[in-house]
Amino acid sequence: MPKKKHFSKRHHPKGLAILYEDEDILVIDKPAGLLTMGTDTNKTKTAYYMLNDYVRKGCVKSRKHVFIIHRLDRDASGLLLFAKNIRSKLNLQSQWQNTEKKYLTVVHGRLAEKAGTISTYLAENKAQVVYSTSDTKKGKLSHTVYRVLKETKYFSLLEIKLLTGRKNQIRVHLAEQGHPIVGDKKYGKEKGAYKRLALHAYSISFKHPFSGKPITFETKAPGYFNKLVGGIDGEDKPLQTSEE
């Protein structure tokens, strides 16, 4: 991870960890439960709103603002990348297909195949539920690469690499394989048995929009993952986790 630039912490948003900042980009570790951007019913309790307030240094009339490059589901946690100017936004979007995004997730059960790629056409119905379809005109081709890192009696810890970035893609692909993500009330049909969705964006790699140098950011898994699966590779040592 690049060395963090020194910017004033006076207006740092509470509850939102800024991992890196320079003149062109902001990288944050989004907590579970926080929206990336606003909805019709919630426009202020979002990462986008909080970061805009931060770059404006509390001045609502400031013309400064951040640009959203990608999103995370509200109930997921992990790395989010924002641009601080239009030039960086356009550069990051133009290279997005080559940006590598990796996730950690805990799912129910044990997968028969310990590594592989799930490929389906994903569509969304009027109730905003995403599903796989055989209709290639209706759905968008989506690819999710996975490998099993650890298994317990009831759960499996997976590393996920997204080759495409559709809405709810990881959640839908794993649920349709019969291994929904722990805590997924939308696709896993759970009723509050687990406190949060066990999905965390832990790594992102891309070229810096100004220097062009390859850059990678990584963040630890939430402590919640330790409570579900303990260590990696069958060892007793814990996962590297944050306090979340």
For Y103 and Y202, I'd like to know if the aromatic rings sit close, meaning centre-to-centre distance below 6.0 Å. no

Side chains of Y146 and Q177: any donor to acceptor distance under 3.5 Å? no

So which atom in G139 and which in Y121 form the shortest heavy-atom distance, rounded to 0.1 Å? O-CD2, 3.6 Å

Distance-minimising heavy-atom pair for L162 and Q169: CD2-NE2, 3.2 Å

When the aromatic ring centroids of F206 and H70 are compared, is their separation below 6.0 Å? no

Looking at R166 and S142, would you say the former's side chain and the latter's main chain have a donor-acceptor pair under 3.5 Å? no

In the single-linkage hydrophobic clustering (I, L, V, M, F, W, Y; side-chain heavy atoms under 4.5 Å), do L163 and I160 co-cluster? no

Hey, mind stepping through L26 and I18 against side-chain contact (heavy atoms from CB on, under 4.5 Å) and telling me if it holds? CA-CA 7 Å; L26 267 166; I18 297 177; 3.7 Å; yes

Cluster membership besides I86, Ile/Leu/Val/Met/Phe/Trp/Tyr side chains within less than 4.5 angstrom, sorted by chain and number, is F67, L90

Is the ring centre of H108 less than 6.0 Å from the ring centre of Y154? no

So, T144 versus H173: side-chain donor-acceptor pair below 3.5 Å or not? yes

Closer than 4.0 angstrom, basic N to acidic O: yes or no for E151 and K114? yes

Chi angles and distances behind the side-chain contact (heavy atoms from CB on, under 4.5 Å) call for M50, L34: CA-CA 11 Å; M50 295 165 72; L34 182 68; 4.1 Å; yes

Exercise: do S119 and H143 side chains pair donor with acceptor under 3.5 Å: yes

State plainly whether one hydrophobic cluster holds both F210 and I215, where clusters connect Ile, Leu, Val, Met, Phe, Trp and Tyr through side-chain heavy atoms under 4.5 angstrom apart. no

Same apolar cluster (I L V M F W Y, side chains within < 4.5 Å links), I28/V55: yes

Check whether any side-chain heavy atom of F225 sits under 4.5 Å from a side-chain heavy atom of V182, and report yes or no. no

Between D24 and R87, does any side-chain N to carboxylate O distance fall below 4.0 Å? yes

Tell me, with the steps shown, if T36 and T46 meet side-chain contact (heavy atoms from CB on, under 4.5 Å). CA-CA 5 Å; T36 300; T46 72; over 6 Å; no

Hey, could you give me the CG/OG1 distance between L81 and T99, rounded to the nearest 0.5 Å? 8.0 Å

If you group Ile, Leu, Val, Met, Phe, Trp and Tyr by side-chain heavy-atom gaps below 4.5 Å, do I118 and L141 land in one group? no

Note, E21 side chain near V27 side chain (heavy atom, < 4.5 Å): no

Quick one: closest heavy-atom pair of G78 and D29, and the distance? CA-OD1, 3.4 Å

Can you see whether Y20 engages D22 through a side-chain donor-acceptor pair at a distance of less than 3.5 angstrom? yes

Distance check, rounded to the nearest 0.5 Å: L199 atom CG versus L104 atom CG? 9.0 Å

Identify the heavy atoms of N91 and K207 that sit nearest to each other, and give their distance. OD1-O, 4.4 Å

I need the minimum non-hydrogen distance between R110 and H179, along with the two atoms involved. O-CE1, 3.1 Å

Using a strict threshold of under 4.0 Å (side-chain N to carboxylate O), is an ion pair present between K84 and E23? no

Can you confirm whether more than 12 heavy atoms, excluding those of E113, are under 6.0 Å from its CD atom? no

Under the 4.5 Å side-chain heavy-atom rule for ILVMFWY, direct or indirect, which residues accompany V172? L122, V129, V130, Y187

Classify the ring geometry between Y194 and F155 as parallel (under 30°), tilted (30 to 60°) or perpendicular (over 60°). perpendicular

Restricting to non-hydrogen atoms, name the atom on I181 and the atom on A198 that form the minimum distance, rounded to 0.1 Å. CG2-O, 3.5 Å

State the CG-NZ distance between L19 and K30, to the nearest 0.5 angstrom. 13.5 Å

Roughly how far apart are L80 CG and T219 OG1, rounded to 0.5 Å? 11.5 Å

What do you reckon, is NZ of K186 surrounded by more than 12 foreign heavy atoms closer than 6.0 Å? yes

What's the spacing between H200 NE2 and L72 CG if we round to 0.5 Å? 9.5 Å

side-chain contact (heavy atoms from CB on, under 4.5 Å) between L149 and R147, worked out: CA-CA 6 Å; L149 299 179; R147 68 184 180 101; 3.4 Å; yes

dist D73:CG -> L35:CG (nearest 0.5 Å) comes out at 10.0 Å

Side chains of K138 and E124: closer than 4.5 Å at any heavy-atom pair? no

Can you list the steps and then say if E100 with K102 is a salt bridge (charged side-chain N to carboxylate O under 4.0 Å, His left out)? CA-CA 7 Å; E100 185 176 80; K102 294 181 180 179; 3.8 Å; yes

Worked verdict on R196 versus D75 for salt bridge (charged side-chain N to carboxylate O under 4.0 Å, His left out): CA-CA 7 Å; R196 57 153 290 188; D75 297 325; over 6 Å; no

Cluster overlap V145 with L79, hydrophobic side-chain contacts below 4.5 Å: no

Does Q128 offer a backbone N or O that forms a donor-acceptor pair with the side chain of N125 under 3.5 Å? yes

